[in-house]
2 protein chains.
Amino acid sequence: MSWSGPGDGGSGRRGYHHGNLREALIEAALELIGAKGPAGFTIAEAARLAGVSPAAPYRHFRDADALLAEVALRGYDRFAEQLATAWNGGRPEAVRAFEDLGRAYLAFARGEPAYYAAMFDSRLNIDAHPGLQAAADRAFAVLREAADGVASTLPNGRRPPSLMMALHIWAMAHGIASLFVREGPSRRKLPMAAEDLLEAGVLIYLQSLGLAGGE
Amino acid sequence: MSWSGPGDGGSGRRGYHHGNLREALIEAALELIGAKGPAGFTIAEAARLAGVSPAAPYRHFRDADALLAEVALRGYDRFAEQLATAWNGGRPEAVRAFEDLGRAYLAFARGEPAYYAAMFDSRLNIDAHPGLQAAADRAFAVLREAADGVASTLPNGRRPPSLMMALHIWAMAHGIASLFVREGPSRRKLPMAAEDLLEAGVLIYLQSLGLAGGE
DNA sequence: AGCTCATGTAAACAGCTTTTACATGAGTCG
DNA sequence: CGACTCATGTAAAAGCTGTTTACATGAGCT
């Protein structure tokens, strides 16, 4: 527990005023979403976790959706960051970095289920929360850039459209994350690691475009 | 509207006793899920739609999740049925039938959003509702069978593992449905029809395995 | 005709959301 | 230093919801 300075990001109290309620509520929301899904967290329970009255959160968020949207927003940012780190500008080698990107996708879904749920599984209307769309776009831009980097490996004539590539890979990664990694009604047991399934799928896909890994 | 016999599947009333409340509740749930998502339907509102008191549904379903599970169960059955119809035993030609299967997948997500949401987007714990897992298995079995049919096109040596194929295609179809077809926080505009995106992805994937469409 | 039991209602309790009026105290300014 | 201001907290209340309990109804059987 870091107790540095006046603000303590956690649930501590220093008196009548919390000191850092906004952050404490976001942490509480993450905890609750992780435990019970995006529909299973309530303002009241987040307030209880933060040690304040049920009305206090309304000083910081208009309603539960606004809090959820803030969580999703931060999730997209972390997501984009982790994907970009994995891609690493296509180094040391484009196809290899692309696989790393896929593994990072699943690692995020596995390691940050609360963020992932807020981003992809919630009732949020993306139009009603300005900034969410832009944050999602920034995350997708990493994928797009990576697809572009891989496509550029090929000579100009045989170069596949990188937007389509990005969409296909995104769909497969998201599908695997939704179906086989995350909790949910349709989660299934796999005869292999989800990461290996995705890697195989990506390699088969890339091979078809003339982009095989060790060819 | 079929008004055959004593039961009228809709919301009509015939007196103190509803006559067909169970079915009416399922229809109400479908309507509400379609309008507001799996988290946006309540027992109370379903009861209101069916014209009964808020306590009446509990004679038929233990709680809201049980009603949701019944909807999901029926959804999996319809889903399996429509996929099987599209696949049609691999006729007239395996790869072509496989593409039809993909289109049927998206058509279901598009045409029956309420069922699809109950099946894939809900808070249901699949273990807590016996029968759900089996119903989901039946739907996946169609995909598996189709992948097997396509793989059998090839000579024994170059035949890819059909389970892996089925998982890859399922993931891509589900990913496209989740990201680009259904409502949700991450839904994005596409520069093409989702069906075309999926078809292109499937063809690229199959081509890599030596199963190109008109090759 | 009368019994039985599935299926309905009414009423009550508890939790969540959101609003309103009020309380606190941190920071600022004379 | 003392007083003002305002963001940030509380308490209380109204109106939702889910769920349980005791009671009412009437359909179908004997």
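Letters go in sequence order (proteins before strands), and every chain restarts at 1. Bear in mind that the values here come from a model prediction, so they are computed numbers and not experimental data. Hydrogens, waters and symmetry mates are skipped; everything else that's a heavy atom, side chains included, is used.
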Check your understanding: How are the rings of B/F120 and B/F79 set to each other: parallel, tilted or perpendicular (split at 30° and 60°)?
Key -> perpendicular
Review point. Quick check: does any side chain N or O of B/Y76 sit under 3.5 Å from a backbone N or O of B/M119, one acting as donor and the other as acceptor?
Key: yes
Study note, to complete from the structure: Bend of the helix from C/dA1-D/dT30 to C/dG30-D/dC1 from end-axis comparison, five pairs per end, nearest 10°, comes to 10°
Practice item. Give me the ring orientation class for A/F108 and A/Y116: parallel if the planes are under 30° apart, tilted from 30 to 60°, perpendicular past 60°. Key: tilted
**Study point:** Side-chain heavy atoms of A/L49 within contact of A/E27, under 4.5 Å
**Key:** no
**Study point:** side chain to side chain contact (heavy atoms under 4.5 Å, CB included) partner of A/W87, chosen from A/D100, A/V150, A/L143
**Key:** A/V150
Point to revise | Interatomic distance where CZ belongs to B/F61 and P belongs to C/dT7 [whole Å] | key: 12 Å
Practice item. Quick one: pull up NE2 in A/H60 and CD1 in A/I43 and give me the separation to the nearest 0.5 Å. Key: 11.0 Å
Produce the list of close N/O pairs, under 3.5 Å, pairing protein atoms with atoms of nucleotides 18-20 of chain D; give distances to one decimal.
| from | atom 1 | to | atom 2 | distance (Å) |
| --- | --- | --- | --- | --- |
| D/dG18 | OP1 | B/T42 | OG1 | 3.3 |
| D/dG18 | OP1 | B/I43 | N | 2.8 |
| D/dG18 | OP2 | B/A44 | N | 2.8 |
| D/dT19 | OP2 | B/Y58 | OH | 2.6 |
| D/dT19 | O5' | B/Y58 | OH | 3.4 |

**Study point:** A/D65 CG - C/dC16 C1' separation (whole Å)
**Key:** 14 Å
Point to revise | Interatomic distance, A/N20 CG vs D/dA7 P [rounded to whole Å] | key: 18 Å
Review point. Is the shortest side-chain N/O distance from B/R22 to OP1 or OP2 of C/dT7 below 4.0 Å?
Key: no
Practice item. Enter the distance from A/R138:CZ to A/D77:CG here, rounded to the nearest 0.5 Å. Key: 5.0 Å
**Study point:** Residue B/R59, side-chain atoms from C-beta onward, closest of D/dT8, D/dT10, C/dG8
**Key:** C/dG8
Check your understanding: Expressed in angstrom and rounded to an integer, what is the separation of B/L32 atom CG from D/dT17 atom P?
Key -> 12 Å
Point to revise | Integer-rounded Å distance: C/dA6 C1' and B/H60 NE2 | key: 9 Å
Check your understanding: Are A/E23 and A/R74 within salt-bridge range, i.e. N to O under 4.0 Å?
Key -> yes
